[in-house]
Amino acid sequence: KVTIAASNQDVVDNSDIVCISVVPSIMDQVLEEIAFRKDHQVISFVSTASIEELEQHVAFPAKTAVFRAIPMPPIAKRRGPFVLHPSPQCTENQNDNNVKLLFDPLGTVIEVQHEEDLKVLMATASLMAPFYNIMTQALEWMTGQGFSSSKEGTKYIASLFKALAEDAMDLSFSGGPKSFRDITKASQTPGGLNEQNLRSLDERGFYSIMKKSLSEILDRVKGGGKR
């Protein structure tokens, strides 16, 4: 059942868990008009707002549970990571368990205890568009080599990358590779095509450039880098 409230304050007054989902530019204005209870659990989806900034808007910062949450787009299909960062107060009072249970059905909840770790994950999420572009470039290369069906090529690449991602998700299983480095090694036959392509990309600086780009993104997330 969906109930339309008369105001934001009315929503908060009738809620135990409050989700803040506004653009950063109007967050201060919106939250200044709301009074929170000390028993509220406040979850922020505002990407740039720190726990400290959020607590300044909460009436009882010493007792109110405040979380930062970063859902990725695939969450709309109940896939992928849902990053959750509880304030120290949440962990002390064990308030994070209820919130984790709330979001568990949406995907894979990744809980981090340090805000700096959250920023690293936000920067790593910028690999999404490059990932899709690798698929795009591979398909364009295939058609450039005379591959006759773009539709079948799309299905092939999507199916291949899905299978590889699922293999990576199985790393925790016993008897197989234990890390991404292990699964990389296991995917190569000595003198084979994968070994050649990996070496070729590495020698051309592909992976070094990727790490450098991630560092630049992290600088931006922390507020000191270029856009």
Side-chain angles (χ1 to χ4, degrees), residues 1-129 217-227:
K1 180 180 178 181
V2 177
T3 301
I4 300 177
S7 65
N8 287 332
Q9 186 63 61
D10 191 24
V11 173
V12 172
D13 290 342
N14 290 280
S15 303
D16 297 317
I17 297 176
V18 180
C19 294
I20 302 169
S21 184
V22 297
V23 295
S25 60
I26 65 170
M27 185 192 76
D28 290 345
Q29 176 186 344
V30 171
L31 295 185
E32 284 172 359
E33 300 173 356
I34 301 174
F36 294 92
R37 300 190 308 269
K38 61 183 178 181
D39 63 323
H40 272 133
Q41 291 178 298
V42 180
I43 305 166
S44 170
F45 295 100
V46 183
S47 60
T48 59
S50 67
I51 290 290
E52 182 179 0
E53 290 171 322
L54 292 164
E55 287 183 333
Q56 291 175 0
H57 293 285
V58 178
F60 302 90
K63 296 183 178 180
T64 303
V66 179
F67 300 80
R68 290 184 65 184
I70 310 293
M72 298 299 295
I75 286 295
K77 298 180 180 179
R78 299 188 178 185
R79 303 171 184 164
F82 186 100
V83 181
L84 189 66
H85 168 55
S87 66
Q89 184 67 34
C90 299
T91 304
E92 291 172 10
N93 294 339
Q94 297 184 331
N95 287 321
D96 53 338
N97 288 333
N98 289 338
V99 173
K100 286 170 65 177
L101 289 174
L102 177 66
F103 293 112
D104 263 338
L106 298 183
T108 304
V109 175
I110 308 294
E111 183 175 347
V112 293
Q113 298 300 324
H114 304 289
E115 205 154 16
E116 292 304 306
D117 290 343
L118 180 73
K119 294 175 183 178
V120 172
L121 294 183
M122 290 173 65
T124 306
S126 69
L127 289 173
M128 183 169 57
I217 295 294
L218 181 59
D219 286 343
R220 178 180 172 184
V221 169
K222 290 181 176 180
K226 61 183 180 181
R227 295 184 180 272

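Between Met72 and Arg79, the closest side-chain pair of non-hydrogen atoms is not below 4.5 Å. Put simply, the side chain of Ile20 reaches to within 4.5 Å of the side chain of Leu31, judged on heavy atoms. Within the 4.5 Å cutoff, side-chain heavy atoms of Asn14 are placed close to those of Asp10. Counting heavy atoms from C-beta outward, Leu121 and Val112 have side chains that approach closer than 4.5 Å. In this structure, Met128 and Pro73 have side chains that are in contact, with non-hydrogen atoms separated by less than 4.5 Å. Contact check for Val99 versus Gln41: side-chain heavy atoms found under the 4.5 Å cut-off.
Minimum interatomic distance between Ser15 and Arg37 (heavy atoms only, all atoms of both residues): O-NH2, 3.0 Å. Scanning all heavy atoms of the two residues, the minimum distance from Val12 to Ala35 falls at CG1-O, 3.8 Å. Contact record, Phe67 with Leu54: O-CD1, 4.3 Å, taken as the closest heavy-atom pair. Residues Pro105 and Arg78 approach most closely at O-CD, 3.6 Å, considering heavy atoms.
To the nearest 0.5 Å, atom OG of residue Ser87 and atom CD of residue Glu115 are 9.5 Å apart. To the nearest 0.5 Å, atoms NE2 (His40) and CD1 (Ile17) are separated by 10.0 Å. Taking NE2 of His114 as the start and NZ of Lys119 as the end, the distance is 13.5 Å to the nearest 0.5 Å.
Side-chain N/O atoms of Asp13 and Gln9 include a donor and acceptor closer than 3.5 Å.
Between the side chain of Glu53 and the backbone N or O of Ser50, at least one donor-acceptor pair lies under 3.5 Å. Looking at His85, its side chain never comes within 3.5 Å of a backbone N or O of Glu116 through a donor-acceptor pair. Arg68 contributes no side-chain N or O that, together with a main-chain N or O of Ile51, makes up a donor-acceptor pair within less than 3.5 Å.
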Checking side chain to side chain contact (heavy atoms under 4.5 Å, CB included) for the pair Ile217/Met122: CA distance, chi angles, key distance, verdict? CA-CA 9 Å; Ile217 295 294; Met122 290 173 65; over 6 Å; no

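Partners of Asp28 by side chain to side chain donor-acceptor pair (under 3.5 Å), not counting sequence neighbours, listed by chain and number: His57.
Shown here is Glu52, whose CD atom has no more than 12 heavy atoms of other residues, nucleotides or ligands within 6.0 Å.
With Leu118 as reference, Ile70 is the one residue of Leu84, Ile110, Ile70 to meet the side chain to side chain contact (heavy atoms under 4.5 Å, CB included) rule. For the side chain to side chain contact (heavy atoms under 4.5 Å, CB included) test with Phe103, the passing option among Val83, Ile43, Thr108, Ile75 is Ile43; the others fail.
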